[in-house]
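What follows is one structure encoded as structure tokens, with my remarks underneath.
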Amino acid sequence: MEESAVKKIAVFTSGGDAPGMNAALRAVVRTASHFKIECYGVREGYNGLINDDFTKMGPRSVKNIIGAGGTILRSARSLEFKTKEGRKKAYDNLVKRGIDGLVCIGGDGTFTGAKIFNEEFGVKVIGIPGTIDNDIFGTDNTIGYDTALNTAMEAIDKIRDTATSHNRVFFVEVMGRDAGFIALNSGIATGAVDILIPERKDSIDDLFETFEKAEKAGKTSSIVVVAEGEKLGSIYDLAKATKAGFPDYDIRVAILGHIQRGGSPSCADRVLASRLGYGAVIGLMAGKTNKMAGMQSNNLVYTPFEEAIKKHNEIDQNLLKLSEILAI
Ligand code: F6P
């Protein structure tokens with residue numbers, strides 16, 4: 001085997017946490033150990049790099065965390081790292097410790113920081129996509145997405161019970177600041193009458209048409225799943241407009257919120273996290289940098305941060321069509 005391009009690495013989690021981040025951390029630490037690379041964990045994302053909050057990690061420091069939600073390293077959205085002075089402090093701490101490679105686990109904000117850091121100081125860095133939103137290009141799924149999807153599905157199933165019992169219309173908001181993946185797939189999985197997502201230009205007229213069709217079909221209750229980033233208006237505006245158009249409807253709003261970020265990761269997320277944690281370390285060892293490790297069609301691939309941040313996974317139009325066909 002060729003000599004590794006890195007000897008001492010550090011790993012951190014940053015941005016919104018996601019189920020499976022711990023499993024990714026475990027894979028990074030144990031892969032590093034397997035290849036005799038020293039590994040440090042950094043607490044609270046970029047803030048830990050700046051504040052010199054490092055801890056030496058080995059296989060036993062990540063025992064029993066594969067199934068744990070959240071991130072044992074904790075996470076943050078660092079404002080200081082957005083400044084050149086902050087990044088310089090972070091760089092000095094890496095130099096002081098002789099760390100020559102970084103693994104960052106997070107979403108597009110995390111990768112934007114990593115890209116700038118690499119360009120300014122030449123620090124070798126590989127990213128692992130960890131976000132429930134699934135809005136990162138270069139991987140079929142992000143770590144945490146599958147778990148969040150199942151959490152949303154289970155919650156909407158429960159809302160369905162009470163909606164049916166009371167003949168109610170429910171607007172349910174799921175997470176996804178800029179992306180409708182959770183909304184689209186949880187909506188299909190729970191038989192939502194309509195799904196509103198930021199990637200599609202939705203109109204109130206289309207929504208009303210859906211309700212009219214549902215009435216004609218004999219439905220006595222309905223669920224509309226709305227992505228947080230939906231552009232038509234807030235979920236309360238939508239409920240209000242619907243009440244004005246259909247005064248007889250008994251309407252309720254439910255916002256699922258941060259429960260979607262918590263919980264024990266699903267099997268799919270644990271396996272994905274394990275593969276990407278391994279992929280990040282062997283990528284660094286092979287001299288790759290400024291790239292994100294991802295899984296596409298079951299293959300480990302590396303996508304430049306630039307592309308991972310700027311490009312977007314397209315919403316599958318067939319799924320949108322399917323949801324309409326099945327919601328009759
Ligand atoms: O990026 C993941 C995400 O969960 C988004 O879906 C959501 O908009 C955002 O984080 C919420 O962030 P915060 O925890 O800072 O409120």
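Order of appearance sets the numbers: ligands from 1, and atoms from 1 within every ligand.
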Just need the protein heavy atom nearest to [atom], so name the residue and atom and give the distance.
| atom | answer |
| --- | --- |
| atom 7 (C) of ligand 1 | E228 OE1, 3.5 Å |
| atom 5 (C) of ligand 1 | D133 OD2, 3.3 Å |
| atom 16 (O) of ligand 1 | H258 NE2, 3.3 Å |

Ligand 1 atoms nearer than 4.0 angstrom to some heavy atom of G176 are 6 (O)

Practice item. Would you check if the distance from the ring center of Y236 to the ring center of F171 is below 6.0 Å? Key: no

Rounded to the nearest 0.5 angstrom, the OH-CG distance for Y46 and L79 is 13.5 Å

What one should report as the nearest heavy-atom pair of L276 and I128 is O-CD1, 3.7 Å

Between E80 and the options K88, R87, K89, the salt bridge (charged side-chain N to carboxylate O under 4.0 Å, His left out) test singles out K89

Does K310 come within less than 4.0 Å of E306, counting only side-chain N to carboxylate O?
yes

Honestly, for Q260 the part within reach of ligand 1 (heavy atoms, under 4.0 Å) is neither

Out of R261, R77, R177, the nearest non-hydrogen contact to atom 4 (O) of ligand 1 is supplied by R261

